[in-house]
**Student:** 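My questions will all concern the structure given below.
Below, all heavy atoms of this structure are taken into account, side chains as well, without hydrogens, waters or symmetry copies. Source: prediction; values computed, not measured. Read the numbers this way: they start at 1 and go in the same order the structure lists the ligands and their atoms.
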Amino acid sequence: MKKESIYGLPLEQLIEWLQDHGQKKSRALRVWDWLYRKRVANFSEMTDVNSECLELLTDHFILQSLREHTSQESVDGTIKFLFKLPDDNLIETVLMRHKFGSSVCVTTQVGCNIGCSFCASGLLTKHRDLSGSEIVEQIMKVQEYMDNARQGEKVSHVVVMGIGEPFDNYINVMDALRIIIDHKGLAIPGRGITISTSGLADKISEFADSDLKVNLAISLHAPTNELREQIMKINRVYPLEKIIQAVEYYLAKTKRRITLEYILLKDLNDQREHALQLVSLIKNIQQLININLIPYNPVDEHPQYQRSDHETMLAFYDVLKKHGINCSIRLEHGRDIEAACGQLRSKQVKANQG
Ligand code: SAH
Ligand code: SF4
């Protein structure tokens with residue numbers, strides 16, 4: 001019998017499973033506490049859980065399926081972990097330290113099929129979706145690293161911005177978020193979680209209808225269809241008007257703000273005219289929009305794209321600000337360890353292939 005990871009079960013399902021196997025609800029709550037609050041590495045460490053229940057758990061579930069393959073620490077405290085999955089696929093997870101807390105950037109798929117032409121992950125087509133437990137376990141592994149360091153550090157924020165398109169693995173990602181939000185467990189607040197999508201408009205609307213109160217970011221990167229199609233072929237399926245329509249629906253339904261991400265690519269989308277086009281694209285909704293300007297992290301395989309220079313970024317920012325748009329330039333983390341989306345993994349995969 002193939003054992004499942006216990007981190008794939010939301011609390012209600014764990015309670016139900018244990019009850020179906022003759023165990024009380026209170027025992028399930030204790031198991032949950034051992035998993036997410038005390039964070040044991042083995043079922044046998046759950047000292048106040050009876051042996052019958054421990055045997056059931058050991059027979060049906062595994063606790064740790066991810067193994068650390070390598071990790072790299074940046075001078076700014078950012079750590080990039082490369083984890084090996086049971087089928088030997090590699091995924092990456094990044095821990096970033098901020099003044100406001102510690103955030104973990106999780107991967108949602110092995111590779112990505114959206115194929116944005118500037119992204120390192122897009123070079124590796126999708127092998128498979130990650131399961132909900134594989135997403136939860138990335139956070140558990142980083143928390144384990146913190147627990148071992150005994151500094152009392154706790155994962156306070158999660159960004160779903162690693163490799164993969166989270167809305168192309170919608171159900172598993174939503175399940176994982178429910179588990180990490182659970183207030184009896186890791187209790188990461190929904191307002192500390194941000195999910196980033198390349199703009200799958202149907203899913204943006206579905207997400208607006210869901211009960212999950214987490215932040216949404218959309219990778220826009222261009223203010224016109226013509227330009228966006230050049231760098232993101234998904235724009236042929238979900239052009240800007242469909243995305244804006246879904247954004248309007250989301251804003252009306254949830255009353256929460258949305259972040260639009262915009263990578264500044266030298267001479268391609270970083271000119272004054274582009275900033276003005278962006279202003280006009282969002283003029284009806286700008287009160288509820290934050291724009292996050294992202295300095296491009298150069299990727300060896302995409303030499304046609306370069307980072308905009310500092311003055312150009314500031315000039316772009318100024319245009320948006322002058323039009324009353326809430327806007328920021330993203331601080332970079334771990335530039336010295338290639339902490340941008342997909343970069344370490346693509347190097348490792350190439351090294352293994354070569
Ligand atoms: N697939 C989702 C989430 C993962 S990518 C999405 O595209 O939104 C997370 C963010 O990193 C996206 O905004 C993406 O466009 C950006 N990104 C990808 N490659 C990058 C690079 N080389 N430099 C800077 N940002 C990059
Ligand atoms: Fe996939 Fe996001 Fe990279 Fe595009 S930017 S290829 S959607 S991971």
**Student:** Do Leu251 and Tyr249 share a hydrophobic cluster, counting only Ile, Leu, Val, Met, Phe, Trp and Tyr and linking them when any side-chain heavy atoms are less than 4.5 Å apart?
**Tutor:** no
**Student:** Salt bridge check: are Arg178 and Asp211 linked by an N-O gap of less than 4.0 Å?
**Tutor:** yes
**Student:** Give me the ring orientation class for Phe316 and Tyr262: parallel if the planes are under 30° apart, tilted from 30 to 60°, perpendicular past 60°.
**Tutor:** tilted
**Student:** Parallel, tilted or perpendicular: which one describes the rings of His98 and Phe100, with boundaries at 30° and 60°?
**Tutor:** parallel
**Student:** Heavy-atom contacts with Gly164 under 4.0 Å: which atoms of ligand 2 show up? List them by number with element.
**Tutor:** 8 (S)
**Student:** Go through ligand 2 atom by atom and flag the ones less than 4.0 Å from a non-hydrogen atom of Cys112.
**Tutor:** 1 (Fe), 6 (S), 7 (S), 8 (S)
**Student:** Would the number of heavy atoms belonging to other residues, nucleotides or ligands and lying under 6.0 Å from CD of Glu144 be above 12?
**Tutor:** yes
**Student:** Is Val299 touching ligand 1 with its side chain, its backbone, both, or neither, if touching means heavy atoms under 4.0 Å apart?
**Tutor:** side chain
**Student:** Is the shortest heavy-atom distance from the side chain of Lys184 to the side chain of Asp33 under 4.5 Å?
**Tutor:** no
**Student:** Using a strict cut-off of 4.0 Å, indicate which atoms of ligand 1 neighbour a heavy atom of His221.
**Tutor:** 13 (O), 14 (C), 15 (O)
**Student:** Could you list which atoms of ligand 1 come closer than 4.0 Å to a heavy atom of Gly162?
**Tutor:** 4 (C)
**Student:** With a 4.0 Å heavy-atom cut-off (strictly under), which part of Thr197 contacts ligand 1: side chain, backbone, both or neither?
**Tutor:** backbone
**Student:** Looking only at heavy atoms of Gly115, does any of them come nearer than 4.0 Å to an atom of ligand 2?
**Tutor:** yes
**Student:** Can you list the atoms of ligand 2 that are under 4.0 Å from a heavy atom of Cys116?
**Tutor:** 4 (Fe), 5 (S), 6 (S), 7 (S)
**Student:** Does Gly164 come within less than 4.0 angstrom of ligand 1, counting non-hydrogen atoms of the residue?
**Tutor:** yes
**Student:** As an exercise, state the distance from NE2 of His60 to CD of Glu55, rounded to the nearest 0.5 Å.
**Tutor:** 10.5 Å
**Student:** Does ligand 1 have any atom sitting under 4.0 Å from a heavy atom of His302?
**Tutor:** no
**Student:** Just checking, Lys203 and Tyr170: is the charged tip under 6.0 Å from the six-membered ring centre and within 45° of the axis?
**Tutor:** yes
**Student:** Using 30° and 60° as the class limits, which term best fits the ring planes of Phe167 and Phe207: parallel, tilted or perpendicular?
**Tutor:** tilted
**Student:** Does any N, O or S atom in Cys119 come within less than 2.8 Å of atom 4 (Fe) of ligand 2?
**Tutor:** no
**Student:** Can an N or O of Ser219 be found at a distance shorter than 3.5 Å from an N or O of ligand 1?
**Tutor:** yes
**Student:** For ligand 1, indicate whether the residue Glu261 contacts it via side chain, backbone, both or neither (heavy-atom separation under 4.0 Å).
**Tutor:** side chain
**Student:** Which of the atoms in ligand 1, numbered in the order shown and given with their element, are less than 4.0 Å from a heavy-atom of Glu165?
**Tutor:** 1 (N), 2 (C)
**Student:** Who gets closest to atom 2 (C) of ligand 1 by heavy atom: Ser196, Gly199, Cys112, Cys116?
**Tutor:** Ser196
